[in-house]
Amino acid sequence: MTVADKPTHFIRAKIADQIKQGQITEIVTRFPPEPNGYLHIGHAKSICLNFGLAAEFGGRCNLRFDDTNPEKESQEYIDAITTDVQWLGFQWDQICHTADYFEQLFEWALCLIRQGDAYVDEQSADMMRANRGTLTEPGVDSPYRDRTPEENEALFLKMRAGEFEDGACVLRAKISMSAPNMNLRDPALYRIKHVSHPRAGDQWCIYPTYDFAHGQSDAIEGITHSLCTLEFEDHRPLYEWLLKKLPVPCRPKQTEFSRLELEATVTSKRKLNTLVSEGHVEGWDDPRMPTIAGMRRRGYSPEGIQLFCERIGVTRKPNTIELQTLEGAIRDDLEGRAHKAMAVLDPVDVIVTNWEDDALELDVPWHPKRPELGTRVLPFGRHVLIDRSDFELDPPDGFHRLVPGGAVRLKYGFIVDFEDVDLDADGRVQTIYVRYDPTTRSGQDQSGRKVKGTIHWVHAETAKTATVRLYDRLFTVSDPGRHEDLAACLNPESLKTQSARIEPALDVLMPDAYFQFERVGFFKQDPDSTEGQMVYNRAVGLRDTWAKKST
RNA sequence: UGGGGUGUGGCCAAGUGGUUAAGGCAGCGGGUUUUGAUCCCGCCAUUCGUAGGUUCGAAUCCUACCACCCCAGCCA
């Protein structure tokens, strides 16, 4: 897609306008995750927005780790985030860490102190909370609020020197304790944490807060558009207050958009963490997780996720996207990308009674519309397996698969006519007997015969056995985010593991390929796979209007 | 009962005073099809949170009301 045919949204429109008006010549954005967890689908929206916009307008986008709280952050998350952003298909201009700005931020804190715009408060956290007031009542000034700049500077230096315990005091902006916006009631700028930092090591025992770090970091990097979610809107006056008070190189502008809410999905880091730590899923990359790592393992493609992010738009409205919107985007992308092959998940024996020869090796394309994907060998013979659901003794109206007295095409093979069926004592189909029509070989059919259906199959002798993992939504409720007891709304059927018979070509490691099991769904080889013992994850099923009608 | 936001079809989303309110997803109907997939065609809001008002004319302007979301971390 080019800029012209992408659906527009208010941020894209605004940038286009600014460029047109000559107000800016280049845009610089940043994606600023805190490395305290894995990236999820909500972050994907932000990544696509920030990197996408920069690419579209010929600008730059930085990946910035907003690492101001060493208590929660770790190198594991930094590495995972780096991997995920690249996998999603984006390349940053610079990789940055707020920690690398700590010295400059400290200098700026000193500036504020000398200007009389910040003070060291020795009230306890509880006291500060009590004195902050409420939503409807103003707060009370701290008894330490009127210290002189000299006194504050001396204290702040002592904070840095490690002369105070954690929590003994904090640097606060001196704004107003009666501001209706709670964020302006003398917000904390620096706090004491005798904790070593994943990047800065033991250099610091005081760390800036988000509010004191974010805008100035944006300014240091020359960010033109600081995009963030709506919950930061109330912080914007503070963001601007700091940039105005400080001798920063430029004044970035913050623009907010609404965060992504996905049906039947949780995206709070706390809740995702609970799922992992309580063992409800197998890890951050469990294919049922809405994490980028999880979606990657499940078999979603980066382009499919990008397509989804483009389709959902960017606004300031609260929104909850239906799961089918995500699945639709993934299918739309995978349809053109996947290698298409045959696998039978619930096999039943079929004997082709008039086939006397050895196996016939059919040469069939991986994708009928994409010859460049090449071909593979598909064996056919006397004994094949078809899916149990593709035969009905007593078919409902409109059923066009194999039935007694009927005929069906074995895809890429021949048309076969029903001959007989063996049932076991319970009336369950045991073996189906058919005759193949030699004049109907795919690609050289001279019979002119038409049959109602074409089904998939594998050759019994050469087929391999694989494990398939069939995933379904993790939660039974559409709004798990609103339920405190997550365990109570877990879907017990979110993962079904079973074996399947696969054609030989599917028994080869192709870790980067996406597959479609014809008539079944899109699959990806799990990293647990080994040749001879493949594991296929179902990313998403095919659209199935027949199943829909019959229910 | 403070401040900041948001309300357009089942879900998203254009639209910012003047043709019959874009488009996507989902749904429905039909065509093509060696995947009941894909692809193609068609249908799907007399109405824009509600009630008033301004205007020749309103989803767009004004007023009032209603609903929902965010903010009282030394989290981000």
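When the nucleotides B/U6, B/C12, B/C74 are ranked by their closest atom to the side chain of A/T320, B/C12 comes out on top. Picking from B/G5, B/C39, B/U8 the nucleotide with the shortest atom distance to the side chain of A/R316 gives B/G5. Closest contact between the side chain of A/T315 and the listed nucleotides B/C25, B/A14, B/A76 involves B/A14. When the nucleotides B/C12, B/U1, B/C74 are ranked by their closest atom to the side chain of A/M128, B/C74 comes out on top. Picking from B/U34, B/U1, B/A13 the nucleotide with the shortest atom distance to the side chain of A/K411 gives B/U34. For A/N319, whose side chain is taken as the heavy atoms from C-beta onward, the closest listed nucleotide among B/U35, B/A13, B/C25 is B/A13. For A/T545, the side-chain atoms get nearest to B/G36 when compared with the rest of B/C12, B/C25, B/G36. Comparing B/A76, B/G36, B/C12 against the side chain of A/I312 picks out B/C12 as the nearest.
Under the salt bridge (charged side-chain N to carboxylate O under 4.0 Å, His left out) rule, A/R145 has a single partner from A/D186, A/D117, A/D121, which is A/D186.
One can place CH2 of A/W546 at 16 Å from C1' of B/A37, the figure rounded to the nearest angstrom. Between A/E263 atom CD and B/C11 atom P the separation is 10 Å, expressed in whole Å. Between the C1' atom of B/U34 and the OH atom of A/Y436 lies a distance of 18 Å, rounded to the nearest Å. Remark: C1' of B/A59 and NZ of A/K317 are 12 Å apart, rounded to the nearest angstrom. Counting to the nearest Å, the C1' atom of B/C74 and the CD atom of A/E165 are 15 Å from each other. One atom, CG of A/L378, and another, P of B/U35, lie 15 Å apart when rounded to the nearest Å. Counting to the nearest Å, the P atom of B/C75 and the CG atom of A/L189 are 13 Å from each other. When the P atom of B/A76 is taken as reference, atom CG of A/L227 falls 20 Å away, rounded to whole Å.
Closest of all the heavy-atom pairs between A/L155 and A/F164 is O-CE1, 3.7 Å.
Along RNA chain B, the nucleotide nearest A/Q516 and the nucleotide nearest A/R191 are compared for position; the residue whose nucleotide lies closer to the 5' end is A/Q516. Nearer the 5' end of RNA chain B, as judged by each residue's closest nucleotide, is the contact made by A/G443, out of A/D211 and A/G443.
Geometrically, A/R199 does not engage A/F65 in a cation-pi contact, judged by NZ or CZ lying under 6.0 Å from the ring centre and within 45° of the ring axis.
An OP1 or OP2 oxygen of B/U33 is reached within less than 4.0 angstrom by no side-chain nitrogen or oxygen of A/T454. Dashed line: the shortest gap from a side-chain N or O of A/T68 to OP1 or OP2 of B/C75 is not under 4.0 Å. For A/K269 and B/C75, the shortest distance from a side-chain N or O to OP1 or OP2 is not below 4.0 Å.
For A/D445 and A/R449, the salt-bridge test fails: no basic side-chain N is under 4.0 Å from an acidic carboxylate O.
Between A/L105 and A/Y190 there is a side-chain heavy-atom pair separated by less than 4.5 Å. Contact of the A/T440 side chain with the A/R409 side chain is registered, since non-hydrogen atoms from C-beta on lie closer than 4.5 Å. No side-chain heavy atom of A/Y77 sits less than 4.5 Å from a side-chain heavy atom of A/P198. You'll find the side chain of A/F475 stays beyond 4.5 Å of the side chain of A/T265, heavy atoms only. In this structure the side chain of A/H459 never reaches within 4.5 angstrom of the side chain of A/R501, judged on heavy atoms.
Within 6.0 Å of CD on A/E165 lie no more than 12 heavy atoms contributed by other residues, nucleotides or ligands.
Glycosidic conformation, B/G53: anti, with the torsion outside 90° of 0.
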Using the side chain to side chain donor-acceptor pair (under 3.5 Å) rule, take A/E335 and A/Y514 through it: C-alpha gap first, then chi angles, then the decisive distance, then the call.
CA-CA 10 Å; A/E335 167 55 32; A/Y514 295 91; over 6 Å; no
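With pairs defined as Watson-Crick or G-U wobble and both atom distances under 3.5 Å, the stems of at least three pairs that touch RNA chain B come out as B:2-7 with B:66-71, B:10-12 with B:23-25, B:27-31 with B:39-43, B:49-53 with B:61-65.
Taking atom C1' in both B/C40 and B/G4, one finds a spacing of 48 Å when rounded to whole Å. Spacing between B/G18 and B/U1 at atom P, rounded to whole Å, works out to 36 Å. The separation of B/C11 from B/G30, taken at their C1' atoms, amounts to 25 Å, rounded to a whole angstrom. Nucleotides B/A45 and B/U54 are separated by 26 Å at their C1' atoms, to the nearest Å.
Residues A/N131 and A/Q123 have side chains that bring a donor and an acceptor to within less than 3.5 angstrom of each other.
With hydrogens and angles ignored, a donor-acceptor pair closer than 3.5 Å exists between the side chain of A/E322 and the base of B/G10. With hydrogens and angles left out, the side chain of A/R519 and the base of B/U35 share no donor-acceptor pair within 3.5 Å.
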Spell out protein contact along nucleotides 66-73 of chain B as letters: B when the base is contacted, S when just the sugar-phosphate is, - when no protein heavy atom is under 4.0 Å; keep the 5' to 3' order.
---SBBBS
